[in-house]
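Written below as structure tokens is the structure these notes are about.
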Protein chains: 2
Amino acid sequence: MTLSEEDYIKAIYHLGKGENLTVSTNAVAEQMDTKPSSVTDMVKKLSDKGVVNYKPYKGVSLTGYGQKIALSLVRKHRLWEVFLVEKLDFSWDEVHEVAEQLEHIKSEKLIDQLDKHLGYPQVDPHGDPIPSKKGEFKKTIKKSLNEVPMGTSGICVGVKDSSPPFLKFLDKNKIALGDTILVLEKEEFDGSLYIRIKESKIHISNQIASNLYLKITA
Amino acid sequence: MTLSEEDYIKAIYHLGKGENLTVSTNAVAEQMDTKPSSVTDMVKKLSDKGVVNYKPYKGVSLTGYGQKIALSLVRKHRLWEVFLVEKLDFSWDEVHEVAEQLEHIKSEKLIDQLDKHLGYPQVDPHGDPIPSKKGEFKKTIKKSLNEVPMGTSGICVGVKDSSPPFLKFLDKNKIALGDTILVLEKEEFDGSLYIRIKESKIHISNQIASNLYLKITA
DNA sequence: ACTAATATTTAGTTTTGTCTAAATATTAGT
DNA sequence: ACTAATATTTAGACAAAACTAAATATTAGT
């Protein structure tokens, strides 16, 4: 697969939400920041190669073979993201662009060894699952902190309210996107929560909790 | 710079032995496993970009700007080689192909952090020096073990005699290409040497020593 | 069901990097 | 210095991946 072909495969995979939905030429064009006519050309080529199913005017979906390739790319991308954050001190939001390049490196041994070096991580810094070598992975969902059962652990991936006071609160309490949060206990009286974040235990109000989103394995 | 342009720059750099010699079109073609006419085309383009000096029929050399690019590529290549060997347990001879791909990844932060993560190594697994961010590096030379001064440390990079009995000896004594060797002391009587290799101290005859090459900083 | 709006494809061009074959320049041998 | 061998460049073509503009198909609104 060429670099460009791999990019198309990934775009089709992501637009298909991992469920292999049929996606439109235009959607792919928008996702890839290119023109629909370019997509038609490439999609024909990928169809000839047995990577996608394509009927003119009827959209495109990945074949089984195409899905394998897509999962392998997602695996590589997410493993590299873990590497960048864990080993090279990149922050949550700096990794994507570099991982986008690294995912195209071709070497099976490289990825096997990287996986091992990182301790076989299950999720990337955004809380998204890392497919196994065979392409298996757990689905994850996004929930606000106050709607998950006690004992749930997940990765902080977003806020509902992004007003300056709220962001200031997060900063003061050293809560950042990408942090792993463990929900310990709920105070019955006011619905406030005790949570563990980066080795320290803190107490947050129900209102704060409802504004924080966690990504957890479904 | 495109991937292909970078490959040409590296080829011209290596053929120029790092001393910026003028190299022939044919030499570049052979090095890159391509045709001389393709080289002519590319070299014209690189000349327009200010990367090389080119006079038709007179060969090509890197400009100052071109040398900077070449050194940055060499730096990236060698840092990745160290990473592959030290962190991912690749062996000495498996790293080149993968590093060849990794060296094209574009991210200054990536390389800065990788350098830091590896502890600012001075040489790669083949004993070749790693240019600093500014492009400075120490020259290295290859010498047989019995012609270096006591206290010299270097990387084992080759053998003169590659007969099966000699290779068997190396294997038995756990001496492998890529190992760091420190020459401790010479026995005056027979010229045999005491050397340190991977935490263990061993004693080798002068004949063995003369068959082993070390890469040391000049 | 018909038309207008939208989506998609086709046809023809461009750019990058390569190739082959032919032309031209350089070098070496006498 | 001349010719033969070799090296290099030029010209023209091709494949990949993109684009623009025009043509065609689909869909939605009435």
Between the side chains of [Y] and [X], is the shortest nitrogen-to-carboxylate-oxygen separation below 4.0 Å, so that they form an ion pair?
X: A:Asp115; Y: A:Arg75; result: yes
X: B:Glu100; Y: B:Lys10; result: yes
X: A:Glu6; Y: A:Lys106; result: yes

Would you mind classifying the nucleic acid contact of B:Pro56 as base, sugar-phosphate or nothing, using non-hydrogen atoms under 4.0 angstrom?
->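 Result for B:Pro56 = sugar-phosphate.
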
NA contact type, B:Ser38, heavy-atom cut-off 4.0 Å: base, sugar-phosphate, or nothing?
->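 It contacts base atoms.
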
Whole-Å gap separating [atom2] ([N]) and [atom1] ([X]):
X: B:Lys55; N: C:dT24; atom1: NZ; atom2: P; value: 22 Å
X: B:Met42; N: D:dT10; atom1: CE; atom2: P; value: 16 Å
X: A:Asn26; N: C:dA7; atom1: CG; atom2: P; value: 6 Å
X: A:Asp41; N: D:dA15; atom1: CG; atom2: C1'; value: 13 Å
X: B:Lys35; N: C:dT16; atom1: NZ; atom2: P; value: 24 Å
X: B:Lys58; N: C:dT26; atom1: NZ; atom2: C1'; value: 7 Å

Quick one: pull up CG in A:Asp89 and NE2 in B:His117 and give me the separation to the nearest 0.5 Å.
->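 The NE2 atom of B:His117 is 9.5 Å from CG of A:Asp89, to the nearest 0.5 Å.
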
Does OP1 or OP2 of [N] have a side-chain N or O of [X] closer than 4.0 Å?
X: B:Thr40; N: D:dT10; answer: no
X: A:Tyr54; N: C:dT9; answer: yes
X: A:Tyr8; N: D:dA18; answer: yes

Using heavy atoms to find the nearest nucleotide of DNA chain D for B:Val39 and A:Asp33 separately, return the residue whose nucleotide is more 5′.
->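 Result of the comparison: B:Val39.
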
With both pairing distances under 3.5 angstrom for Watson-Crick or G-U wobble, and | for a partner in another strand, the correct string for DNA chain D is ||||||||||||||||||||||||||||||

Measure from the side-chain N and O atoms of [X] to the backbone N and O of [Y], and report whether any donor-acceptor pair falls under 3.5 Å.
X: B:Thr63; Y: B:Val51; result: yes
X: B:Asn26; Y: B:Pro36; result: no
X: A:Arg78; Y: A:Pro131; result: no

Any donor-acceptor N/O pair under 3.5 Å between C:dT18 base and B:Ser37 side chain |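 Answer no: no donor N or O sits under 3.5 Å from an acceptor.
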
